[in-house]
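Heads up: the structure comes next, in structure tokens.
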Amino acid sequence: MAHRIGRRKNVKKGFQFTLMVVGASGLGRTTFVNTLCDADVVPKRESDEPEMAHIEEGIKIKPYTVELDEDGVKISLTVVDTPGFGDMIDNEHCFQEILGYLERQYDDILSEESRIKRNPRFRDNRVHALLYFITPTGHSLREIDIELMRRLSPRINVIPVIGKADTFTPVELAEFKKRVMEDIEHHNIPIYNFPYDPEEDDEETIEENSELRSLLPFALIGCEEEIIVNGRKVRGRQYPWGIVEVDNTQHCDFAKLRFALLSSHLQDLKEITHDYLYENYRTEKLSRSAENLSE
């Protein structure tokens, strides 16, 4: 009963949720975030000048916070963007920067927990989920994809997505999804796969999580423009062969992913971050400190 009362209090007070988006330039990360929030949260990149193309700027980590109202529930959503990822010839620096950012948020919590007097205004900036945008090559995962997901999954809930999924026909998309999941399994990458326990969970949870698991990696199409379809306004794109609607579950997985992140699985992602990922990091860090002291 206490759990339910706690949740009711949370709903009243609202939730804080942090999402990181990572992927190569040109995969629609910015459009996705702005479509997710239905607002211009992440500024669009200025058009690249050809004469500047050879200058490698490297990765930048930029958090943006927006207040959302999801069916009367207030969510303070922080989106951490990572422009410049994958643009370098050697991406080691990118991996280090992202991992360093995630671990710094854990370190902040660790030092706050150790204080005799806690700071009442302390803000928990731990990142609860990472959407990794896979390039829609139609082939297998690239080395950079495998390496990033493998390195980051011990620190964050990694959810693979396919950017610009409208470049595929439905058959090609299904084939590519299958190939990506086979690669993830082959390389033992522990992504967030909407876990459920057939022994413990109710039928509805098992059904919902099975469906979301079957959609991995989520096929995304981002579009902020609205067009008229059969007399109603929808977010979508007009192609010579037809219309792609962002919020239509027949056309892409955007709506289902959005609902999972901001509603049905928000609490689960937060709990796994705190109870499992952070606890593991904390144990490792304290063990290392103890070893250093004993040397």
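- Within 6.0 Å of the CD atom in E182, the count of heavy atoms belonging to other residues, nucleotides or ligands exceeds 12.
- For Y276, the OH atom counts as loosely surrounded, since its 6.0 Å shell holds 12 or fewer non-hydrogen atoms of other residues, nucleotides or ligands.
- Looking at T82, its side chain never comes within 3.5 Å of a backbone N or O of F85 through a donor-acceptor pair.
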R258/E70 under side chain to side chain contact (heavy atoms under 4.5 Å, CB included): CA gap, chis, key distance, verdict: CA-CA 11 Å; R258 187 184 193 284; E70 294 294 306; 2.9 Å; yes

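- Every residue meeting the ring pair (Phe, Tyr, Trp, His ring centres under 6.0 Å) condition with F254, not counting sequence neighbours, appears here in chain and number order: F32.
- Closest non-hydrogen pair, T78 versus P63, comes out as CG2-CB, 4.0 Å.
- F194 pairs by the ring pair (Phe, Tyr, Trp, His ring centres under 6.0 Å) definition with Y192, F218, H265, not counting sequence neighbours.
- Put simply, the side chain of T65 reaches to within 4.5 Å of the side chain of R123, judged on heavy atoms.
- Side-chain contact between L261 and L131 is present, with heavy atoms from C-beta onward closer than 4.5 Å.
- Residue pairs meeting the salt bridge (Lys or Arg N to Asp or Glu O under 4.0 Å) criterion with at least one partner in residues 186-205, sequence neighbours excluded, do not occur; the list is empty.
- Sorted by first and then second residue, the pairs that involve residues 140-175 and meet ring pair (Phe, Tyr, Trp, His ring centres under 6.0 Å), not counting sequence neighbours, are F168-F176.
- In this view, Y278 and Y106, H274 satisfy the ring pair (Phe, Tyr, Trp, His ring centres under 6.0 Å) rule, not counting sequence neighbours.
- For residues 92-117, the salt bridge (Lys or Arg N to Asp or Glu O under 4.0 Å) pairs, not counting sequence neighbours, are E92-R151, E103-R155, D107-K285, E112-R115, E113-R282.
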Candidate pair D253 and K177, rule salt bridge (Lys or Arg N to Asp or Glu O under 4.0 Å), full reasoning: CA-CA 12 Å; D253 304 325; K177 280 188 172 205; 2.7 Å; yes

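- Environment of NE2 in H93: crowded, with over 12 heavy atoms of neighbouring residues, nucleotides or ligands closer than 6.0 Å.
- Residue E208 comes nearest to S264 through the heavy atom pair OE2-CB, 3.3 Å, listed as atom of the first residue, atom of the second, then distance.
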Full working for side chain to side chain donor-acceptor pair (under 3.5 Å) between D81 and Y64: CA-CA 8 Å; D81 193 21; Y64 302 90; 5.3 Å; no

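- Heavy-atom minimum distance, G86 versus C94: N-SG, 3.9 Å.
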